[in-house]
Asker: 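Sharing a structure, written as structure tokens. Questions coming.
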Amino acid sequence: MSESDPAHDALSTLSLLRLQSWMSPAFPTGAYACSHGIETAIAERYIYDATSCQSWILDILQYGSGWNDAVFLKAAWTASSKADPIALAEHNDLALALQAGQERWHETTQLAASFLRASEAWQGASSAGLNTISGPLALPVVIGAFCAAMKIPLKLLLPTFLQTNSSNLIWIATRLVPLGQSDALRIIANLESVICTIANRAAISCLDDLGSSALLADIVSLRHEQLASRVCIT
């Protein structure tokens, strides 16, 4: 049995620590503020219990913006790793163009800007190549490029990113359905295997794999701004 490489172990531990910080509610990843249209889905009774909540989020992950965001994250991570600012800018333009409506566009650009400001606490983030892009940025592009610059392995980043996004939506539902903590944690546990599968697919994806068929999720996101009483920004 080969001995463990202390330098490799230290790097792996550092990567995990950083991901825990960057994907936690302490960082602007949308927790508590952005429902991604779920607030409307709850108001219109598409989501009303743990089962319907899990099904809704599963569709987003597999067939909607969750999948597309994972593909863009991988593309941005690769472009930043190769120091290819032209590709990075093109990925960002496409990510913004594919947002389903004004609220989704504001969600991804506002969170991206906040994430980028928060990341300044870590030295080395400036090498991500994002400073070469003029105009708004998309959140998965920012996270992908930033984590590549910080040497975070893609195999760790993708599932962590997907779990963070789905957990944020689950906790929104916990407040608004409402769901109990046990139900919320059960959904998180049930989604683990799906998240691993999607992360593995996204790791070998290209932009040709983009596509969304979660149309109802997009429609309720468009209707969110018309809700009479709103808790979430989007």
Side-chain angles (χ1 to χ4, degrees), residues 23 29-75 94-108 111 138-140 143 158-180 183-205 207-227 230-234:
M23 298 295 137
T29 56
Y32 311 121
C34 299
S35 78
H36 211 65
I38 275 187
E39 185 174 15
T40 316
I42 293 169
E44 297 183 2
R45 297 293 292 170
Y46 291 113
I47 298 175
Y48 49 85
D49 61 7
T51 300
S52 57
C53 178
Q54 179 174 313
S55 177
W56 188 275
I57 294 173
L58 185 60
D59 283 348
I60 290 175
L61 288 173
Q62 292 182 308
Y63 311 117
S65 56
W67 165 250
N68 279 351
D69 282 355
V71 173
F72 279 121
L73 184 146
K74 187 262 183 176
L94 184 57
L96 294 177
L98 291 183
Q99 296 303 310
Q102 184 179 27
E103 283 207 355
R104 290 271 188 88
W105 189 91
H106 282 302
E107 177 182 316
T108 195
L111 290 175
L139 181 62
I143 293 177
L158 277 167
T160 306
F161 172 78
L162 288 166
Q163 186 186 50
T164 295
N165 285 358
S166 58
S167 295
N168 287 347
L169 299 184
I170 292 166
W171 291 118
I172 292 290
T174 301
R175 290 188 295 161
L176 300 181
V177 170
L179 299 177
D183 281 334
L185 293 174
R186 192 173 295 110
I187 296 172
I188 290 173
N190 290 343
L191 292 177
E192 285 180 347
S193 60
V194 176
I195 286 172
C196 289
T197 299
I198 295 171
N200 289 336
R201 287 175 51 213
I204 57 173
S205 68
L207 296 183
D208 289 340
D209 296 311
L210 289 167
S212 173
S213 58
L215 299 180
L216 188 55
D218 293 339
I219 290 170
V220 297
S221 176
L222 291 170
R223 289 207 289 257
H224 181 262
E225 65 181 22
Q226 298 176 349
L227 281 182
R230 293 186 294 173
V231 174
C232 303
I233 297 172
T234 62

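Worth knowing before you read on, the calculation uses all heavy atoms, side chains too, and leaves out hydrogens, waters and symmetry mates. Note that the structure is predicted; figures quoted are calculated from it, not measured.
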Asker: With a 3.5 Å distance limit and no angle check, can you tell me whether Ser166 reaches the backbone of Gln163 through a side-chain donor-acceptor pair?
Answerer: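 A pair under 3.5 Å: yes.
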Asker: Let me confirm one number: the CD1-CG distance from Ile42 to Leu176, rounded to the nearest 0.5 Å.
Answerer: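 Ile42 CD1 to Leu176 CG: 4.5 Å, rounded to 0.5 Å.
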Asker: Does Leu73 reach the side chain of Asp69, with side-chain heavy atoms less than 4.5 Å apart?
Answerer: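 Not in contact.
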Asker: Please report the closest heavy-atom contact between Gln62 and Trp67, naming both atoms and the distance.
Answerer: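 Distance-wise, the nearest heavy atoms are O-CB, 3.9 Å.
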Asker: In Å, rounded to the nearest 0.5 Å, how long is the span from CG of Asn200 to OG of Ser205?
Answerer: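 Output value for this atom pair is 11.5 Å.
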Asker: Which pair of non-hydrogen atoms, one from Ile172 and one from Ser35, has the smallest distance, and what is that distance?
Answerer: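 Scanning both residues, the minimum pair turns out to be CG2-CB, 3.8 Å.
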Asker: When you compare the side chain of Thr108 with that of Pro140, does any pair of heavy atoms fall below 4.5 Å?
Answerer: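 Yes, their side chains come closer than 4.5 Å.
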Asker: For a 4.5 angstrom cut-off between non-hydrogen side-chain atoms, does Arg104 reach Asp218?
Answerer: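 Arg104 reaches Asp218 side chain to side chain.
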Asker: Under 3.5 Å, is there a donor on one side chain and an acceptor on the other for Ser52 and Asp49?
Answerer: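 The answer is yes; a qualifying pair exists.
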Asker: Show the nearest heavy-atom pair for residues Pro159 and Ile195, with the distance to one decimal.
Answerer: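 Shortest heavy-atom contact: O-CG2, 3.6 Å.
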Asker: Restricting to non-hydrogen atoms, name the atom on Ala214 and the atom on Gly64 that form the minimum distance, rounded to 0.1 Å.
Answerer: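 Closest heavy-atom pair between Ala214 and Gly64: CB-CA, 3.8 Å.
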Asker: Counting C-beta onward and ignoring hydrogens, is there a side-chain heavy-atom pair between Arg186 and Asp183 closer than 4.5 Å?
Answerer: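 They are in contact (side-chain heavy atoms under 4.5 Å apart), so the answer is yes.
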Asker: Should we say atom CD of Gln102 is surrounded by more than 12 heavy atoms from elsewhere, each under 6.0 Å from it?
Answerer: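 No, CD of Gln102 has 12 or fewer neighbouring heavy atoms, counting only those of other groups under 6.0 Å.
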Asker: Main chain of Thr160, side chain of Thr164: is a donor-acceptor contact present, judged purely on distance under 3.5 Å?
Answerer: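 Checking the backbone N and O of Thr160 against the side chain of Thr164, a donor-acceptor pair under 3.5 Å is found.
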Asker: Donor-acceptor pair, distance only, cut-off 3.5 Å: does the side chain of Thr197 make one with the backbone of Ser193?
Answerer: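 Indeed, once roles are kept as given, a pair shorter than 3.5 Å links the two residues.
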Asker: Please evaluate residues Leu139 and Phe72 with respect to the criterion side-chain contact (heavy atoms from CB on, under 4.5 Å), reporting the C-alpha separation (whole Å), side-chain torsions for both, the decisive distance (0.1 Å), and the verdict.
Answerer: CA-CA 9 Å; Leu139 181 62; Phe72 279 121; over 6 Å; no
Asker: Can you check whether Thr51's main-chain N or O pairs, donor with acceptor, with Ser55's side chain at less than 3.5 Å?
Answerer: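 Side chain of Ser55 to backbone of Thr51, a donor-acceptor pair under 3.5 Å: no, none is there.
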Asker: Just verifying a value: how many Å separate His36 NE2 and His224 NE2, rounded to the nearest 0.5 Å?
Answerer: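 That separation rounds to 12.0 Å.
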Asker: Main chain of Ile188, side chain of Glu192: is a donor-acceptor contact present, judged purely on distance under 3.5 Å?
Answerer: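 The answer is no, because no donor-acceptor pair under 3.5 Å joins these two groups.
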Asker: For the pair Ile60 and Asn165, evaluate side-chain contact (heavy atoms from CB on, under 4.5 Å) and give the outcome as yes or no after the intermediate values.
Answerer: CA-CA 10 Å; Ile60 290 175; Asn165 285 358; over 6 Å; no
Asker: Quickly, which of Ile38, Thr40, Ile47 forms a side-chain contact (heavy atoms from CB on, under 4.5 Å) with Val220? Name it, please.
Answerer: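 Exactly one candidate clears the test, Thr40.
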Asker: Tell me the closest heavy-atom pair linking Leu162 and Ala70, and the distance in Å.
Answerer: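 Smallest interatomic distance, heavy atoms only, reads CD2-CB, 4.1 Å.
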Asker: Got a second to check how far Ser221's OG is from Gln99's CD, nearest 0.5 Å?
Answerer: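 Spacing of OG (Ser221) from CD (Gln99) equals 9.0 Å.
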Asker: Does Leu216 form a side-chain contact (heavy atoms from CB on, under 4.5 Å) with Asp59? I'd like the steps, not just the answer.
Answerer: CA-CA 10 Å; Leu216 188 55; Asp59 283 348; over 6 Å; no
Asker: Taking all atoms of both residues into account, what is the closest heavy-atom pair of Trp171 and Ala184, and its distance?
Answerer: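 That closest heavy-atom pairing would be CZ3-CB, 3.7 Å.
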